[in-house]
Amino acid sequence: MNADFLSFCKKYDIHLNSQQAQAVQAIDENVLLLAVPGSGKTTVLVARLGYMILEKHIDPEKILAITFNKQAAAEMKQRFSLKFGSVLANQISFKTINSLAYQIYSQFCFDVHYPKRTIDERREKAILRNVYQSITKEFPGENDILNLQSEITYVKNMRLDASQIKELEEDDSFFTKMFEMYEKVMKEQGLMDFNDQMVFAIWILENRKYYRDLWSHKYQYICVDEAQDTSKIQHDIIKILSFNNHLFMVGDEDQSIYGFRAAYPQALLSFQNDHDNAKVIRMETNYRSTPEIVMKAQAFISKNRDRFEKNMCADRPSGQDVKVRMVKDRRPQYAYMMKVLENVNTQTAVLYRENDSAVPLVDQLLRKNIPFFMAGAKTDVFGVPCIRDILAFMKLALDPYDTDAFDRVANKGYLFLKKQVKEQIILDCRTNAISVFEALDKYKEKVSMSNIEAFEAMINRLCYAKVKDAIWIASNDRYKKYAKDMNIDLTKLETLRYIAESETSISSFLNRIEYLRDIMRNGVHPESSNITLSTVHASKGKEFDTVYLIDVYDGKFPAVQDNEEILCMSNQQLEQEERRLFYVALTRAKNNLNLIKMENRYSSFIQELFPKQEKTAVTSPHPVKKIDPEEAERKRVEDFNLRKEEILPQIHQQEEPVFDHTGERWFQCEICKKVLPREYFSSYGGMNHMNLGVCLECRKSGKG
C-alpha cells in the first residue's frame with residue numbers, strides 16, 4: 001500500500017483488509033469486484049469514491065454511481081455524505097440505470113423536438129387488462145396482469161426480437177399476440193413503461209454518435225453496484241458508456257436471483273472478454289456469519305456451474321452448528337414455528353420461497369397479537385386459480401345471487417355452458433333479481449339436467465358443511481377432474497385449510513381471507529419487533545441474528561422446474577438459480593441458522609447439506625454367518641417388489657410425494673412408464689407431475 005493511501009485511510013478512519021484495499025486503489029483499469037455475502041462491498045464502494053476524489057483529484061461530476069434501485073442509491077449517497085460530506089456527495093451522480101436512461105431519452109426528445117412519451121402506471125395496467133381480455137376472452141385476475149407485466153419486462157430487458165419471442169412459446173403465439181397489441185396501443189396513446197426508458201435510451205446511444213460521445217464524456221468513471229442483478233439491456237448501456245472510460249463493477253454471480261426480471265449474470269462471466277485492460281478482484285472474507293454457517297453455504301454454492309471460483313471464509317469466531325429441526329409435515333412445522341416466535345428475544349427472521357408459505361404464520365401471529373414485520377407482497381397470495389375457484393364456490397353457497405362467483409365456476413367441472421347461455425343466465429339474474437339456481441331452472445332445455453343437479457347438490461353440501469370440510473367438498477370429484485385436465489396445481493389449497501381450522505362458518509372464513517389478503521398485500525410495519533417474515537428475494541441485502549428456513553422441500557424450495565412465468569430460462573438455468581436463492585437464504589444468518597425438515601417431504605437441498613451418515617461396520621467377536629449371494633439377491637428383489645406394490649396405488653396422484661415404508665421416494669418415468677425409486681431418476685417433479693420424471697436409462701438413451 002502506498003503512503004498516500006495509508007494516510008487517506010487514517011484520516012477518514014477507514015479499516016480495510018488486503019483484498020478490500022486492492023479494490024479501493026484499482027482506479028485506472030476496468031475492474032470486476034466479486035464480493036461474497038457480508039464482505040463489506042458498500043464500505044469499499046464509498047471508500048473508493050472518496051479516494052478517487054480526495055487523493056486522485058478526480059472531478060466528482062465525472063463520476064456515475066449506478067445502483068439497483070432508488071433506495072440503494074439514497075443509502076449509498078447517505079453513507080458517502082456521512083464519511084466525506086454532503087458537498088461532495090451532491091456532486092456525484094448516484095442513479096439507477098432507469099433514471100439515467102430516462103435522462104438520455106428526455107434530452108434527445110428535447111433536442112430534436114420529438115414528443116416525449118409519458119409513464120402512467122394506472123393507464124398501463126388498464127391497457128394490459130384490456131389486451132389480456134381481448135386475446136384470451138377471459139377477465140384477468142391481479143396475478144394474471146402481474147405475470148404479463150413480468151413477461152414483457154423479460155422480453156424487453158433481454159432485447160428479444162419477434163422471432164425470438166415466438167420461439168419461447170410452445171403453443172400458438174399467445175404471448176406474442178398480447179405483446180404486439182400492448183406495444184401498438186401504448187404507442188397510439190403516447191405512453192411508455194419503465195422498460196421503454198432503456199429501450200429508447202439504447203437506441204439513441206447505438207444510432208446517434210453525437211449522444212454516445214456526449215454521455216461517454218459526461219461520465220468517465222462508472223461504478224456499478226449489484227451487477228449480478230443487472231439485465232442484458234442495462235449491461236449493454238453500461239458497456240457503451242464505459243467505452244474508453246473506467247468501469248468498476250461490483251457483484252457476485254452466486255447471488256443472482258432475479259432471472260424472472262431478466263437478470264444477466266453472464267455479463268460478469270464475460271467481463272474480461274467484453275472490456276479492455278480488465279481485471280477481476282475477489283473479496284472473500286465474510287464478516288457477517290459464523291464459520292459454521294459460512295462453511296455450509298460455501299460447500300453448497302461451490303457445486304454450482306457457470307461461476308467464478310471463490311473461497312468464502314469467515315472472520316468471526318466459531319459459533320453454533322447449523323441445525324435441522326425435524327417435524328412430521330407442514331402443519332407441525334407451523335406449530336413449531338409459533339412456539340419459537342412466541343418466545344423470541346433476538347432479531348429473528350422466518351424466510352421462505354413464496355409468500356403463501358407465510359400465510360398460516362401471519363394468521364396465527366395476528367390472532368395472538370404478536371407483533372412482526374413483513375413487507376407487502378406484490379402478488380395476491382390468494383389469487384392462484386384453484387384458490388379463486390374454491391372461494392367462488394363458497395361465495396355462491398353463501399349468496400346464490402352472486403353472479404360473479406357463478407361466472408367464475410359455472411364451467412369448472414359442472415355445467416359446461418355455452419358462452420351465450422351463461423351470459424343469458426347472468427343477465428337474467430341481474431335483471432330480475434333471481435338466484436342463479438332459479439335462472440338455471442329456466443334454462444333446463446339448454447343445460448344438462450344431470451349437470452345442474454350435480455352442481456346444486458355440491459353447493460347445497462357446502463351450505464351445511466364445516467369450513468374445512470367445505471374446502472374438501474368443493475375441491476373434490478368433478479372439480480378435481482377439471483383441475484387435472486387443466487393442469488391446475490391443487491397443492492396451494494393447503495393455505496386455505498390452515499386458516500379454516502380457526503373459523504366456524506363460511507362467512508367468517510371468507511371475511512378472514514379478505515382481511516389476510518389486505519395484510520399480505522400491504523405488509524405489517526410495527527414500531528418495533530424482533531420478528532421478520534420475508535421471502536428470500538426480499539431478504540437480499542439484509543442480515544438477522546437468527547434465521548429459520550421453512551417449507552424447504554422439493555417442489556416448493558427448490559420450486560418446480562416447469563415455471564411458465566419465466567419465459568426462456570431452461571430447466572438447468574432454473575435449477576442453478578434456485579440453488580443461488582438457497583445460498584442467499586443461508587447467508588442472511590449471523591449466529592443461528594435453522595432448517596425445518598419435514599419427514600413426509602423430501603428436500604434435496606437439506607439432503608445435500610446434511611448427507612446421511614454411512615453406518616460404520618463393526619467387527620463381531622462371533623463368527624459371521626456366510627450369506628448365499630443368490631438368497632441375498634432373492635430377498636433384495638422380494639423387498640423391492642413389496643415396496644413397489646405398496647406405493648403403486650398412490651403413484652398416479654400428483655398432489656403429494658410418494659414414499660414407501662422405508663422413507664424412499666418413488667416416481668414413474670414419463671417415457672418408459674417404469675415405477676422406480678428416486679436414485680434411478682435424472683430429473684423429477686414439477687407442476688402437476690409431482691411423482692413423474694425421466695429415469696436415468698431414458699435420459700442416457702436420449703429419449704428425455
Apply side chain to side chain donor-acceptor pair (under 3.5 Å) to the pair Q255 and E226, showing each step before the final yes or no.
CA-CA 9 Å; Q255 298 182 71; E226 301 288 5; over 6 Å; no
Can [X] and [Y] be counted as having a side-chain donor-acceptor contact under 3.5 angstrom?
{"X": "D161", "Y": "S163", "value": "yes"}
{"X": "E253", "Y": "Q266", "value": "no"}
{"X": "Q71", "Y": "E75", "value": "yes"}
{"X": "T96", "Y": "N98", "value": "no"}
{"X": "N432", "Y": "D428", "value": "yes"}
{"X": "Y182", "Y": "D193", "value": "yes"}
{"X": "Y102", "Y": "K116", "value": "yes"}

Residues S270, D274; criterion side chain to side chain donor-acceptor pair (under 3.5 Å); working and verdict:
CA-CA 6 Å; S270 62; D274 292 343; 2.9 Å; yes
Scan the side chains in residues 375-391 for donor-acceptor partners under 3.5 Å anywhere in the protein, sequence neighbours excluded, and list what turns up.
from, atom 1, to, atom 2, distance (Å)
D380, OD1, F382, N, 3.0
D380, OD1, R517, NE, 3.3
D380, OD2, R517, NE, 3.0
D389, OD1, R408, NE, 2.7
D389, OD1, R408, NH2, 3.1
D389, OD1, K412, NZ, 2.9
D389, OD2, Y479, OH, 2.6

If we ignore hydrogens and angles and just use 3.5 Å, is the side chain of [X] paired with the main-chain N or O of [Y] as donor and acceptor?
{"X": "N411", "Y": "F416", "result": "yes"}
{"X": "K492", "Y": "I488", "result": "no"}
{"X": "Q220", "Y": "H246", "result": "no"}
{"X": "Q228", "Y": "D252", "result": "yes"}

Residues that R261 engages under salt bridge (charged side-chain N to carboxylate O under 4.0 Å, His left out), provided they are two or more places apart:
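If we apply the salt bridge (charged side-chain N to carboxylate O under 4.0 Å, His left out) test to R261, skipping adjacent residues, there are no hits.
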Of all residues at least two apart in sequence or in a different chain, which pass the salt bridge (charged side-chain N to carboxylate O under 4.0 Å, His left out) check with D399?
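Checked D399 against salt bridge (charged side-chain N to carboxylate O under 4.0 Å, His left out); zero matches.
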Please determine if R307 and D254 form a salt bridge, counting it only when a charged side-chain N lies under 4.0 Å from a carboxylate O.
yes
Is a salt bridge present between R353 and E578, judged by a nitrogen-to-oxygen distance below 4.0 Å?
yes
Go through the steps for H537 and F260 under the test ring-ring contact (aromatic ring centres under 6.0 Å, His included), then give the verdict.
CA-CA 12 Å; H537 283 104; F260 60 93; 5.4 Å; yes
If you count heavy atoms of other groups shown closer than 6.0 angstrom to CG of D276, is the number above 12?
no
Got more than 12 heavy atoms from elsewhere within 6.0 Å of CD, Q189?
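Yes - once you tally the heavy atoms of other residues, nucleotides and ligands closer than 6.0 Å, there are more than 12.
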Salt bridge (Lys or Arg N to Asp or Glu O under 4.0 Å) for E188 and K184? Distances and angles first, verdict last.
CA-CA 6 Å; E188 289 172 349; K184 181 174 180 289; 2.7 Å; yes
Residues passing the side chain to side chain contact (heavy atoms under 4.5 Å, CB included) test with Y114, sequence neighbours excluded, are C109, V112
Taking the six-membered ring for Trp and the single ring otherwise, decide whether the centroids of Y211 and F108 are under 6.0 Å apart.
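Yes - the distance between ring centres of Y211 and F108 falls below the 6.0 Å cut-off.
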Only counting residues at least two apart or in another chain, list the ones meeting ring-ring contact (aromatic ring centres under 6.0 Å, His included) with F200.
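Partners of F200 under the ring-ring contact (aromatic ring centres under 6.0 Å, His included) test: Y105.
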What residues, two or more places apart in sequence or in another chain, satisfy ring-ring contact (aromatic ring centres under 6.0 Å, His included) together with F68?
Y258
Locate the shortest heavy-atom distance separating [X] from [Y]; write the atom from each residue and the value.
{"X": "C223", "Y": "R48", "result": "SG-NH1, 3.4 Å"}
{"X": "V199", "Y": "K156", "result": "CG2-CB, 4.2 Å"}
{"X": "K422", "Y": "F406", "result": "CG-CE2, 4.3 Å"}
{"X": "A227", "Y": "H235", "result": "O-NE2, 3.3 Å"}

Pair D229-K540, salt bridge (Lys or Arg N to Asp or Glu O under 4.0 Å): steps then yes or no:
CA-CA 11 Å; D229 297 328; K540 192 166 180 292; 3.3 Å; yes
Going through the distances and angles, do R430 and T403 end up as a side chain to side chain donor-acceptor pair (under 3.5 Å)?
CA-CA 8 Å; R430 292 172 178 173; T403 52; 2.9 Å; yes
Applying side chain to side chain donor-acceptor pair (under 3.5 Å), run through T230 and Y264 and close with a yes or a no.
CA-CA 6 Å; T230 307; Y264 194 65; over 6 Å; no
